[in-house]
J.: 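I have a structure I would like to understand better, so I am pasting it below and will then ask my questions one at a time.
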Amino acid sequence: MKERVFSGIQPTGNIHIGNYLAAVRRWVELQNEYENLFCIVDLHAITVPQDPSMLKAKIRETAGLLFAAGIDPEKSSVFVQSHLSAHAELAWILNCIIPLGWMQRMTQFKEKSAMQRRTVSTGLFDYPALMAADILLYQADLVPVGEDQRQHIELTRDAARRFNAIYGETFRIPEAVIPEVGARIMDLADPLKKMSKSGPGGAMAIGLLDTPEAVRSKIMKAQTDSLRDIRFDEGRPGIHNLLVIYELFTGMARTAIERHFSAKGYADLKRELAEIIIGNLSPLQSHYRELTSDPSYINHLLTEGAQRVRPLAERTLSLVKERMGLG
Ligand code: TYM
């Protein structure tokens with residue numbers, strides 16, 4: 001039996017190179033080794049206001065980008081969270097066993113709610129319970145994500161252990177798989193903040209569908225520092241971030257990268273990096289255009305994905321209900 005991989009992505013804003021390097025590209029790499037489930041989490045997206053027609057389009061765009069990046073529908077099930085009501089149902093059940101104090105410790109909620117203040121929804125607070133439901137519903141072994149999701153996966157593990165302790169062995173305890181390099185790609189305008197799909201003013205992310213001109217312009221404007229030498233040094237967040245992106249896209253060793261830039265300046269690094277990113281995104285973008293030329297094709301793949309995973313979700317949900325005496 002192959003171990004099962006589960007991960008999710010929100011269909012909001014523009015999927016960027018941080019999502020790609022820490023998550024999507026790794027999902028592609030893991031495909032042959034594991035059984036794979038990738039979920040487009042539209043129910044998570046509505047924890048903040050969304051324009052309905054835009055959300056519908058973004059769900060298809062996100063799916064198109066996953067397939068264009070190399071997710072193979074033969075090897076992986078890609079599906080939309082709201083197509084399976086079991087996610088919301090299990091989230092409610094988990095709400096009833098997760099102590100409030102655990103939820104109040106979630107740093108992502110604190111950060112996101114601080115930006116919204118009065119309009120913050122109950123759903124945004126409850127976001128981690130729905131995420132736990134996503135993972136536990138499929139009895140996933142491994143959850144490949146970026147660093148920002150670590151705490152949510154810890155909560156998922158705690159929730160599973162608590163449920164198992166109260167009602168008997170029901171859930172498998174999943175493990176986070178977080179890359180050693182590039183688990184947190186930083187924003188180009190403010191390298192002390194993570195790159196984000198829909199960040200506050202000033203945020204600068206490179207979208208997977210960005211034109212070559214947009215990539216060049218964003219990289220050339222990226223914040224650096226007033227030093228000169230090009231070295232991997234975490235104390236210099238701007239340059240460090242650019243070098244990490246360079247490392248991940250080229251696969252070169254750090255020493256080789258530093259040697260390559262030893263007699264060069266920041267402008268050279270930026271010019272080269274921009275072309276490397278453009279060269280990596282270009283095949284993905286043409287594949288995306290092919291895949292989305294027939295809009296019904298993506299819908300078809302998403303329906304098929306949901307059909308494939310439904311029996312797994314239903315099996316867990318009925319076991320949970322039986323254990324709890326529901327119905
Ligand atoms: P989302 O949509 O914000 O991000 C998708 C994936 O990209 C990673 N990521 C980053 N990695 C490196 N640098 C960054 N700047 C960066 N920004 C985002 C995220 O860690 C993630 O792996 N809550 C999740 C979606 C989700 C999920 C799940 C994930 C819902 N249910 C169950 C795993 C398992 C989220 O909002 O990801």
Side-chain angles (χ1 to χ4, degrees), residues 4-28 30 36-48 50 58-59 61-63 65-66 69 71 79-82 84 87-88 90-91 94 106-109 111-112 123-124 126-157 159-160 174-199 203-208 237 241 244-245 248 309 313:
R4 189 173 294 154
V5 162
F6 179 95
S7 202
I9 186 163
Q10 289 200 64
T12 50
N14 292 321
I15 311 287
H16 54 69
I17 57 171
N19 302 129
Y20 177 69
L21 294 170
V24 179
R25 190 171 79 163
R26 296 176 43 95
W27 303 350
V28 173
L30 296 172
N36 314 281
L37 283 74
F38 301 116
C39 186
I40 299 173
V41 296
D42 54 348
L43 296 173
H44 277 110
I46 59 164
T47 55
V48 297
Q50 300 292 340
K58 281 283 170 192
I59 292 168
E61 181 185 291
T62 306
L65 281 170
L66 297 187
I71 299 288
F79 61 101
V80 181
Q81 191 181 32
S82 66
L84 294 117
H87 290 251
L90 183 60
L94 293 176
M106 294 295 111
T107 54
Q108 200 165 80
F109 174 74
E111 284 162 21
K112 286 195 188 172
L124 189 67
D126 200 31
Y127 186 112
L130 179 58
M131 191 164 153
D134 296 341
I135 299 169
L136 299 180
L137 203 48
Y138 299 101
Q139 307 284 1
D141 298 288
L142 303 169
V143 188
V145 286
E147 176 63 38
D148 60 343
Q149 300 302 321
R150 188 190 290 277
Q151 196 186 30
H152 291 157
I153 295 170
E154 273 308 313
L155 180 100
T156 302
R157 289 162 58 86
E175 252 175 71
V177 182
I178 297 174
E180 271 172 35
V181 176
R184 198 175 175 82
I185 299 292
M186 307 311 279
D187 186 75
L188 297 175
D190 180 356
L192 295 176
K193 295 209 179 89
K194 72 168 182 185
M195 186 176 278
S196 81
K197 293 199 203 94
S198 40
M204 207 163 52
I206 296 191
L208 296 188
N241 190 40
V244 165
I245 299 171
L248 290 168
V309 303

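Indexing begins at 1, ligand by ligand and atom by atom, following the structure's order. The shown structure was predicted, so the numbers you read here are calculated from the model rather than taken from an experiment. Heavy atoms only: backbone and side chains are in, while hydrogens, waters and symmetry mates are out.
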J.: Of Pro144, Pro128, Gly8, which has the heavy atom at the shortest distance from atom 29 (C) of ligand 1?
T.: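 Going through Pro144, Pro128, Gly8 one by one, Gly8 has the nearest heavy atom to atom 29 (C) of ligand 1.
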
J.: Which heavy atom of the protein is the closest neighbour of atom 19 (C) of ligand 1, given with residue, atom name and distance?
T.: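 Going by distance alone, atom 19 (C) of ligand 1 is nearest to Asp148 OD1, 3.3 Å.
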
J.: Under a heavy-atom criterion of less than 4.0 Å, does His16 contact ligand 1?
T.: yes

J.: Would you check whether Lys197 reaches within less than 4.0 Å of ligand 1, judged by its heavy atoms?
T.: yes

J.: Starting from atom 7 (O) of ligand 1, find the nearest protein heavy-atom neighbour and note its residue, name and distance.
T.: Asn19 ND2, 3.1 Å

J.: With heavy atoms of Gln10 as the reference, note each atom of ligand 1 found under 4.0 Å away.
T.: 2 (O), 36 (O)

J.: Can you tell which part of Ile135 has a heavy atom less than 4.0 Å from ligand 1: side chain, backbone, both or neither?
T.: side chain

J.: Using side chain to side chain contact (heavy atoms under 4.5 Å, CB included) as the criterion, point out the one residue from Leu142, Val145, Val143 that pairs with Val177.
T.: Leu142

J.: Which bit of Ile9 is near ligand 1, meaning a heavy atom under 4.0 Å away: side chain, backbone, both or neither?
T.: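 The answer is both, backbone and side chain.
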
J.: Indicate, as side chain, backbone, both or neither, the part of Met195 found under 4.0 angstrom from ligand 1 when only non-hydrogen atoms are considered.
T.: both

J.: Could you tell me if Gln50 and Thr12 have a donor-acceptor pair between their side chains, going purely by distance under 3.5 Å?
T.: no

J.: Considering only heavy atoms, which of Gly18, Cys39, Ala140 lies nearest to atom 10 (C) of ligand 1?
T.: Gly18

